[in-house]
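Each chain gets a letter, A, B and so on, in the order its sequence line appears, and its residues count up from 1.
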2 protein chains.
Amino acid sequence: MLPWLNLGLPRTTSPAQTNHALNLSSYLARLVASGQATSRSELARVTGLARSTVSEHLLPLLRIGLIAEHEAEAGARGRPPSVLTLNPQAGVILAADIGAAKGRLAIADFGQHFIVERSIQTDVARGPDTVLAEVRTAFLQMLAERQIDARNVRLIVVGLPAPVDFASGMPVRPPIMPGWDNYPVPASFQQEFSAPVLVDNDVNLMALGEARCRPATQCPLLYVKASTGIGCGIVTHDGQLHRGADGAAGDIGHVRVPGHEEPCRCGAYGCIEAFASYGAILRKVGGDVGGDPGEAQLSALVRTAAGEIGEVIAMLVHFFNPAVIVLGGRMTQFGDEMLAGVRSVVYRRALPLATRKLSVELSTLGNRAGIIGAVVLGVEHVLSPQGLRSMMPTTE
Amino acid sequence: MLPWLNLGLPRTTSPAQTNHALNLSSYLARLVASGQATSRSELARVTGLARSTVSEHLLPLLRIGLIAEHEAEAGARGRPPSVLTLNPQAGVILAADIGAAKGRLAIADFGQHFIVERSIQTDVARGPDTVLAEVRTAFLQMLAERQIDARNVRLIVVGLPAPVDFASGMPVRPPIMPGWDNYPVPASFQQEFSAPVLVDNDVNLMALGEARCRPATQCPLLYVKASTGIGCGIVTHDGQLHRGADGAAGDIGHVRVPGHEEPCRCGAYGCIEAFASYGAILRKVGGDVGGDPGEAQLSALVRTAAGEIGEVIAMLVHFFNPAVIVLGGRMTQFGDEMLAGVRSVVYRRALPLATRKLSVELSTLGNRAGIIGAVVLGVEHVLSPQGLRSMMPTTE
DNA sequence: ACGTTTAGTTCGGACATCGACGAAAAGAGG
DNA sequence: CCTCTTTTCGTCGATGTCCGAACTAAACGT
């Protein structure tokens with residue numbers, strides 16, 4: 001007999017306690033949101049449920065105004081279906097992708113339409129109070145511009161360039177954000193907004209955004225961002241973000257690469273991001289030439305750095321065996337050099353088995369990956385069974 | 001609007017198509033198997049279901065003989081419960097943990113009792129036909145010894161020291177197993193046994209075994225095996241094995257560590273397993289001294305190698321942020337040196353955030369981890385909804 | 001005008017789950 | 001020894017979920 005056995009049972013909730021009705025409603029809502037079905041009979045075909053059952057579970061979604069029906073213009077043979085869409089009036093999601101220096105804010109509805117999108121300056125070194133106050137002000141302004149009541153905000157999603165404990169929404173020992181350690185980001189929004197607040201690492205959101213804009217067969221997926229720092233977002237085989245035990249997963253910027261001894265802002269020496277990040281490259285050309293890089297020199301440096309990043313990625317390919325690696329961050333403005341540098345090393349270093357079907361690509365979403373990922377996380381949360389329950393009328 | 005959106009929907013099966021009754025039966029069976037509940041009313045308490053519902057879903061399990069009832073000796077106040085256990089007569093699982101040179105075979109019942117266990121020599125270089133024939137012969141002999149009919153074999157689980165495509169059960173480009181590439185391992189058992197055959201990487205099974213013998217809070221878990229080669233098994237936050245896109249995940253033996261140029265059996269130079277594996281150490285002492293290592297020299301070499309493995313593990317900690325790292329393989333016969341060598345490097349290299357709650361431990365299961373993991377995988381498969389369906393009488 | 005096709009609704013039956021009740025099996029206490 | 005309490009387990013009707021068949025609705029084609 002084995003010492004103690006835990007047969008892969010669910011971690012917290014008992015499957016017996018799940019609310020099947022809510023699960024079905026959530027499933028239908030997500031099918032509508034993703035555009036995979038636009039009418040009742042299409043839902044029935046996709047899910048395999050009876051049409052009557054679909055209608056039944058659609059009722060609460062229509063009642064709370066999450067899903068709206070429209071007349072379809074005819075054109076086909078039979079009775080035209082009533083087209084189902086997520087109701088743009090059902091509420092909005094506020095999404096913030098806060099980078100070290102620049103940020104991006106957006107208001108989106110549950111149909112993933114971006115209503116407003118805006119860039120802001122966010123110098124995170126000025127501390128959480130200042131930065132988050134500016135974010136809140138900008139959000140209120142954007143809402144006012146479009147005449148959206150703050151009470152229509154259903155969810156706020158914030159991406160930060162720091163490890164984040166997702167459950168509590170607090171940054172954990174961020175290396176570049178003085179004053180943010182354990183700062184209660186969700187609470188800072190409670191004055192102006194009553195909606196729940198999700199906080200996550202910015203690279204995680206980018207990875208999620210890229211993963212959701214591709215077919216599910218491209219998971220497991222790694223998103224590697226090379227900008228001021230170097231980070232990595234991990235999406236597992238089943239499409240879930242892997243955040244690790246402390247929310248610190250993907251923090252590959254401080255992997256040490258022998259042969260290098262550059263001092264890193266983290267205090268150690270030889271971290272990959274101390275010599276192969278875009279920030280390191282800019283420091284290099286700034287110091288060497290004195291302000292005027294020159295396109296050719298810059299692209300050569302990028303290619304070298306890409307090779308060094310490729311060494312690390314080759315290791316990750318061995319370990320994680322992803323289906324796709326997506327390269328993002330500011331360094332991808334030299335897309336071809338970046339791609340060539342990474343690919344050459346990865347395909348040379350890694351075993352053929354792990355690279356046989358591997359695809360190394362540039363981000364298709366560019367600098368919008370983070371904000372798109374934030375909206376995706378928000379929509380998935382609102383349309384999840386738990387999210388739907390909070391919208392249902394006074395059952396409890 | 002986003003280009004194409006796939007809102008984290010399930011990959012293949014529609015939640016609407018799941019058989020709720022089978023799911024519940026499977027859940028109850030796994031609760032009984034793991035010893036978390038031993039009577040109907042206990043099941044009701046744990047699951048939150050009504051006692052009548054528990055009884056109802058227990059019926060098919062009792063009917064197919066998977067679960068047996070025993071009289072309980074009294075002792076408490078009221079009517080003694082009828083104790084539920086997995087029926088030892090319900091059938092057996094054949095488990096094989098095939099290493100490069102040595103292997104381990106076991107017969108276990110669904111209650112995770114090992115009925116017979118045996119070591120065999122398995123020189124995988126002799127090719128799959130020979131090795132698997134010996135495994136089959138040994139299995140038949142073990143069954144005969146205990147007078148178990150071959151028809152009582154419900155499942156066969158095989159662990160191989162190679163990347164394995166789990167769905168098809170075929171090794172994929174194994175570096176050390178000539179002739180095994182794409183060999184249909186399951187088919188080779190079909191002559192003697194009619195049971196389904198699961199094939200997986202041996203390190204994956206060890207990781208699963210270690211993970212299941214610990215509380216679920218110790219996931220995500222990494223199992224690092226250092227023997228002839230170096231490999232790694234990955235268990236994610238929700239207790240699932242991460243096998244990667246090609247079944248090659250965890251193959252960290254061929255991570256290249258700069259500063260080393262030893263030739264590796266894979267054809268490249270500087271792979272970690274070419275100089276830091278137990279095999280490499282043995283070659284070293286064999287070459288240096290000429291056959292008589294000396295305990296002190298060996299343990300010093302182990303400590304050095306452990307530090308080099310620790311460099312790789314530090315990187316994995318950055319990337320994956322596991323809760324626990326379990327060290328296994330033959331090198332752990334120098335447990336203290338191994339542990340100290342790995343720990344010193346990991347805690348020095350990795351960021352404090354990722355190591356704050358990290359625990360680095362020696363395998364608690366030792367060289368039985370693989371065979372235990374194989375039985376666990378088998379039990380979980382048999383008690384899964386899909387596994388139960390195949391045991392149910394003639395519904396389809 | 002009438003059939004054809006597709007969409008959506010209504011309704012009764014099959015089945016699942018629950019809670020209440022009662023029976024069974026033990027110990028406690030007189 | 002008999003009765004009460006306690007705990008377990010089975011049975012049964014009430015309620016709710018899901019399905020499929022039948023029906024209505026709305027378009028097109030001839």
Side-chain angles (χ1 to χ4, degrees), chain A residues 14-28 31-32 36-63 67-85 385 388-389 392 395-396, chain B residues 13-28 31-32 37-63 67-85 385 388-389 392 395-396:
Chain A
S14 140
Q17 298 292 27
T18 58
N19 185 329
H20 295 293
L22 262 182
N23 277 349
L24 272 189
S25 290
S26 162
Y27 184 45
L28 296 179
L31 283 173
V32 171
Q36 293 183 42
T38 61
S39 72
R40 287 171 173 79
S41 31
E42 214 171 337
L43 280 171
R45 273 196 299 274
V46 172
T47 61
L49 293 164
R51 285 203 311 276
S52 48
T53 311
V54 170
S55 284
E56 193 174 344
H57 286 282
L58 225 41
L59 273 181
L61 299 175
L62 293 165
R63 206 172 46 236
I67 286 185
E69 289 185 282
H70 309 278
E71 302 284 315
E73 70 280 12
R77 269 298 288 261
R79 167 178 175 175
S82 71
V83 176
L84 303 170
T85 57
L388 287 185
R389 179 162 53 203
M392 294 293 175
T395 340
E396 56 247 304
Chain B
T13 58
S14 143
Q17 298 291 27
T18 56
N19 186 330
H20 296 292
L22 262 183
N23 276 348
L24 272 188
S25 290
S26 162
Y27 184 46
L28 295 179
L31 282 173
V32 171
T38 61
S39 73
R40 287 171 173 78
S41 26
E42 214 170 338
L43 280 172
R45 273 196 300 273
V46 172
T47 60
L49 293 164
R51 283 202 315 278
S52 47
T53 312
V54 170
S55 283
E56 193 175 345
H57 287 283
L58 225 43
L59 272 181
L61 299 175
L62 293 166
R63 205 173 45 236
I67 286 185
E69 287 185 281
H70 309 280
E71 301 285 313
E73 70 282 10
R77 269 295 289 264
R79 167 179 174 176
S82 72
V83 176
L84 302 171
T85 57
L388 287 185
R389 179 163 50 205
M392 293 295 174
T395 340
E396 59 248 301

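Considering all non-hydrogen atoms of both residues, B:Pro60 and B:Glu56 come closest at CD-O, 3.3 Å. What you find for A:His57 and A:Leu24 is that their closest heavy atoms are NE2-CD1, 3.6 Å.
OP1 or OP2 of D:dG10 has at least one side-chain nitrogen or oxygen of B:Arg40 nearer than 4.0 Å. Taking only side-chain nitrogens and oxygens, A:His20 never comes nearer than 4.0 Å to OP1 or OP2 of D:dG16. In this model, the phosphate group of C:dC18 is approached by a side-chain N or O of B:Thr53 to a distance below 4.0 Å at OP1 or OP2. Contact between the side-chain N/O atoms of B:Arg45 and the OP1/OP2 oxygens of D:dT7 is not found at any separation under 4.0 Å. Put simply, B:Ser82 has a side-chain N or O that comes within less than 4.0 Å of OP1 or OP2 on D:dC9.
The residue B:Ser55 sits close only to the backbone: its heavy atoms come under 4.0 Å of sugar-phosphate atoms, none of a base. As judged by a 4.0 angstrom heavy-atom cut-off over every strand, A:Leu59 is placed among residues making no nucleic acid contact. Residue B:Leu43 is classed as having no contact, given no heavy-atom separation below 4.0 Å to the nucleic acid.
The CZ atom of B:Arg79 sits 9.5 Å away from atom OG of B:Ser41, with the distance rounded to the nearest 0.5 Å.
Nearest nucleotide to the side chain of B:Pro80, out of C:dC18, C:dG8, C:dA26: C:dA26. The B:Pro81 side chain lies nearest to D:dT8 when the options are C:dC18, D:dG20, D:dT8. Considering only side-chain atoms of A:Arg79, the nucleotide from C:dA24, C:dA7, D:dC19 that sits closest is C:dA7. Comparing C:dA7, D:dC18, D:dT8 by their closest approach to the side chain of A:Ser41 singles out C:dA7. Considering only side-chain atoms of A:Arg77, the nucleotide from D:dC19, D:dG29, C:dC18 that sits closest is D:dG29.
Counting to the nearest Å, the P atom of D:dT17 and the CG atom of A:Asn23 are 14 Å from each other. Atom CG of B:Leu58 is separated from atom C1' of D:dT8 by 14 Å (rounded to the nearest Å). To the nearest angstrom, P of D:dT17 lies 11 Å from CG of A:Leu22. As rounded to whole Å, 20 Å separates atom P of C:dT6 from atom CD of A:Glu71. Rounded to an integer number of Å, the gap from A:Glu42 CD to C:dA7 C1' is 12 Å. Nucleotide C:dA14 holds its C1' atom 15 Å from the CG atom of B:Asn19, rounded to whole Å. Between B:Glu56 atom CD and D:dC12 atom C1' there is a gap of 12 Å when expressed in whole angstrom units.
Nearest-nucleotide mapping onto DNA chain C: of B:Arg51 and B:Val54, the residue sitting toward the 5' end is B:Val54.
Using a 4.0 Å cut-off between charged side-chain N and carboxylate O, B:Arg51 and B:Glu42 make no salt bridge.
Judged by distance alone with a 3.5 Å cut-off, a donor-acceptor contact links the side chain of B:Ser52 to the base of C:dG19.
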* B:Val83/B:Glu69 under side chain to side chain contact (heavy atoms under 4.5 Å, CB included): CA gap, chis, key distance, verdict -> CA-CA 6 Å; B:Val83 176; B:Glu69 287 185 281; over 6 Å; no

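Looking at B:Asn23, B:Leu84, B:Leu43, B:Thr53 one by one, the single match for side chain to side chain contact (heavy atoms under 4.5 Å, CB included) with B:Leu28 turns out to be B:Leu43.
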